[in-house]
Amino acid sequence: MALTARLDRSGRLLGLLPLAFILFWAVWPVARLGWEGWTQAHDSGGMLWLLPWQDAYLRGRLLWSLAQAAITTVLALALGVPMGWVLVRWRFWGRDWWVRALMLPFVVPTLVAALGVLAMWRWLAEEGPVLLILGNLFFNLCLAVRGAMTGFDAVSASRLAAARSLGATPWRAFWRIEWPTARASIWAAACLVFLYCLSGFGLALLLGGQQWATAEVEIYTRVAHDLDLAVASVLALWMLLLAGIVVLLYAVVSVRQRDRLRGDAVRPRWAQWRWSSWPVALTLAALLVFNFGPLVALMARALQASPAAWAHAWGGDAGLAMANTLRFTAMGIVLAAGLGALHGWVAQRSALWRALGMVPLVASPIMMAFGLLLLWPQWMDQLWVLVCAYALLAIPLVATPVAQAVQQVSPRWVDAARTLGASPWRAFWRVVWPQVRPGWRRGVAFAAATMVGEFAVTLLLSRPEWLTLSTYIYQLLGRPGALNAEAAWVMSATLMLMSLLMFALIEPSRWVAPARIAKNVKVSHA
């Protein structure tokens with residue numbers, strides 16, 4: 001029975017707040033964008049609907065968007081699934097720190113990720129498909145690894161031991177026992193990787209170049225530079241349709257994930273650093289190259305900058321950009337922390353509700369900003385619009401770990417608390433919340449780190465007084481001269497360090513011990 005049924009009427013009504021927020025700030029602007037595309041297509045006799053597929057240039061943008069997302073997803077699974085299996089099945093010195101640092105690239109701003117990849121892999125090309133794939137891999141490999149870890153950690157040790165005792169080889173035991181248990185989590189991670197690559201903007205803008213621009217970059221160009229709202233609207237609708245299919249698939253797969261079998265997990269074995277532990281060495285080497293190498297290259301490039309570049313970077317508008325970044329992040333995270341927790345709570349069992357929470361991912365930041373411009377042009381000079389847009393993008397990051405944590409809460413503990421006389425709210429605060437809080441805190445930290453480097457919405461809704469570190473770096477990159485380029489490296493390293501401070505708030509997932517839960521139940525009864 002879903003835990004939401006155990007809340008009283010007021011608790012269920014509170015769950016409608018994030019839904020209303022998403023409907024107002026995401027669904028309505030997207031609907032306005034769709035109406036714009038419908039109107040433009042109708043006025044042109046309906047031919048505009050097929051223009052993105054009939055026009056060779058636009059068709060190439062759409063197909064390349066799908067192709068780069070698919071290539072990255074395949075590479076991420078090919079690397080991430082074996083790495084996730086090794087990190088779950090082997091134990092070695094510093095393993096917890098490696099696992100904690102695994103998500104570091106995901107919380108690094110996309111602008112910093114792009115410059116880090118450029119600093120490390122520039123010898124391949126200045127821009128193009130290879131750099132874009134490497135950038136996507138840097139940014140999303142951690143999702144594939146964590147999805148594989150979640151799945152393999154749920155494998156029953158008794159079932160695996162029974163298969164081996166009946167004569168199954170390690171490979172046969174993997175395909176018949178481990179893979180069926182882990183594949184739901186792996187496919188969910190694959191959906192997220194594909195979605196992030198499909199709707200990505202910052203990496204494609206800086207690494208793809210004009211020749212290999214994705215549909216998101218084309219939409220931004222049509223709106224911000226060409227003022228071609230008709231083609232931009234129709235192209236955005238096709239991207240919404242493609243992303244919506246992926247999100248629905250993710251929602252269905254994530255809801256059907258099997259509960260993790262606590263107390264029956266396979267015990268990892270210690271690596272002896274001999275020839276037999278070569279999988280551990282290869283995993284750590286891959287992490288160093290793909291996850292941490294670009295960040296180290298970016299920092300090295302910033303440290304090599306001249307003193308004049310440091311002075312130029314911190315002069316002028318740097319103080320305003322730093323203050324705005326911290327202010328917008330603080331305001332947005334307060335809003336996203338509460339709304340994300342509420343939505344994660346009510347979306348624990350419903351694929352449809354969870355899919356609604358993923359609307360901010362379906363409608364990319366560029367599309368949402370475009371919809372806001374069409375819907376409320378008179379509000380675009382209001383700061384609270386930008387803050388709400390920040391919070392909207394962060395709600396899925398908070399809601400997803402909360403929903404996953406609530407799914408793991410045993411209803412028996414709630415039943416015990418209610419039997420001992422606890423009210424629904426007291427049972428929630430003393431029994432359920434201590435188990436959900438680590439996931440909520442982790443989601444809030446991810447959301448804060450993401451807001452620090454938010455780029456797409458701020459770029460399209462930018463005003464001179466709203467300058468942030470990400471838009472400041474983009475301005476430096478757009479100015480001629482080596483001094484501006486070096487200053488951009490310096491400010492990128494600064495933005496990366498700010499994200500690392502947010503990342504320090506993230507703690508490994510730890511579930512509340514049964515003894516502590518029992519203590520909370522007794523306190524509730526008292």
Side-chain angles (χ1 to χ4, degrees), residues 50-76 109-140 193-240 242-243 290 294 297-298 364-367 369-370 455-456 459-460 470-471 473-482 484-485 488-489 492:
L50 299 178
L51 180 63
W53 298 104
Q54 293 176 341
D55 183 81
Y57 176 80
L58 296 178
R59 184 173 63 249
R61 294 293 185 256
L62 282 172
L63 293 178
W64 168 238
S65 299
L66 294 171
Q68 56 90 27
I71 293 172
T72 304
T73 303
V74 172
L75 291 177
T110 55
L111 196 64
V112 174
L115 291 177
V117 171
L118 195 61
M120 181 173 182
W121 303 102
R122 176 171 284 183
W123 57 275
L124 291 175
E126 291 291 335
E127 58 185 27
V130 176
L131 279 185
L132 180 56
I133 297 298
L134 288 173
N136 287 335
L137 198 60
F138 163 79
F139 203 76
N140 296 287
V193 172
F194 188 90
L195 181 63
Y196 279 122
C197 295
L198 182 65
S199 60
F201 172 71
L203 291 175
L205 180 65
L206 294 179
L207 298 180
Q210 184 61 33
Q211 183 180 358
W212 298 95
T214 61
E216 293 291 332
V217 178
E218 184 64 25
I219 293 171
Y220 167 74
T221 303
R222 297 273 178 170
V223 174
H225 298 291
D226 301 337
L227 297 179
D228 189 358
L229 301 184
V231 175
S233 300
V234 175
L235 189 60
L237 287 180
W238 277 105
M239 290 297 294
L240 283 173
L242 296 173
F290 292 104
L298 174 63
S364 65
I366 287 297
M367 294 184 191
F370 185 16
F455 177 59
L459 183 63
L460 198 55
S470 58
T471 53
I473 294 170
Y474 187 67
Q475 289 180 5
L476 290 173
L477 290 173
R479 297 171 185 171
N484 287 315
W489 291 109
S492 298

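Tyr196 is not listed as a side-chain neighbour of Thr73, based on a closest heavy-atom distance of 4.5 Å or more. Using a 4.5 Å cut-off on side-chain heavy atoms (C-beta onward), Val117 and Phe290 make no contact. Looking at Leu203 and Gln68, their side chains never come closer than 4.5 Å, going by heavy atoms from C-beta outward.
By the side-chain hydrogen bond (donor to acceptor under 3.5 Å, both in side chains) test, Ser470 is found to be paired with Thr468, residues two or more places apart in sequence or in another chain being considered. By the salt bridge (charged side-chain N to carboxylate O under 4.0 Å, His left out) test, Arg61 is found to be paired with Glu218, residues two or more places apart in sequence or in another chain being considered. Under the rule for a side-chain hydrogen bond (donor to acceptor under 3.5 Å, both in side chains), the partners of Asn484 that lie at least two apart in sequence or sit in another chain are His312. Residues passing the ring-ring contact (aromatic ring centres under 6.0 Å, His included) test with Tyr220 are Phe201, His225, sequence neighbours excluded. Residues satisfying the side chain to side chain contact (heavy atoms under 4.5 Å, CB included) test with Trp212, not counting sequence neighbours, are Trp64, Pro129. Partners of Gln210 under the side-chain hydrogen bond (donor to acceptor under 3.5 Å, both in side chains) rule, at least two apart in sequence or in another chain, are Tyr57. Under the rule for a side chain to side chain contact (heavy atoms under 4.5 Å, CB included), Val74 has no partner lying at least two apart in sequence or in another chain. Listed by chain and number, the residues in a side chain to side chain contact (heavy atoms under 4.5 Å, CB included) with Leu477 are Leu115, Leu206, Ile473, Ala488 (sequence neighbours excluded). Under the ring-ring contact (aromatic ring centres under 6.0 Å, His included) criterion, Tyr474 pairs with Phe455, sequence neighbours left out.
The shortest heavy-atom contact between Leu198 and Ser65 is CD1-O, 3.9 Å. Taking all atoms of both residues into account, the shortest heavy-atom contact from Ala119 to Leu298 is CB-N, 4.1 Å. Contact detail for Ala204 and Thr214: the closest heavy-atom pair is CB-OG1, 3.4 Å. Minimum heavy-atom separation, Gly202 to Thr110: CA-OG1, 4.2 Å. Nearest heavy-atom pair across Pro294 and Phe138 is CG-CD1, 3.7 Å.
Between the Asn140 side chain and the Asn136 main chain, a donor and an acceptor come within less than 3.5 Å of each other.
A salt bridge (charged side-chain N to carboxylate O under 4.0 Å, His left out) check over residues 197-211, counting only residues at least two apart or in different chains, returns nothing.
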Tabulate below the donor-acceptor pairs under 3.5 Å that side-chain atoms of residues 230-239 make, not counting sequence neighbours, or state none.
unit_1, atom_1, unit_2, atom_2, d
Ser233, OG, Leu229, O, 2.6
Trp238, NE1, Trp49, O, 2.9

After noting the C-alpha distance and the side-chain angles of Val193 and Phe139, does the key distance pass the side chain to side chain contact (heavy atoms under 4.5 Å, CB included) rule?
-> CA-CA 9 Å; Val193 172; Phe139 203 76; over 6 Å; no
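In this structure, Leu137 CG and Ile71 CD1 are separated by 11.5 Å, a value rounded to the nearest 0.5 Å. A distance of 7.5 Å separates CD1 of Ile133 from SG of Cys197, quoted to the nearest 0.5 Å. Note that CH2 of Trp53 is 4.5 Å distant from CG of Leu62, once rounded to the nearest 0.5 Å.
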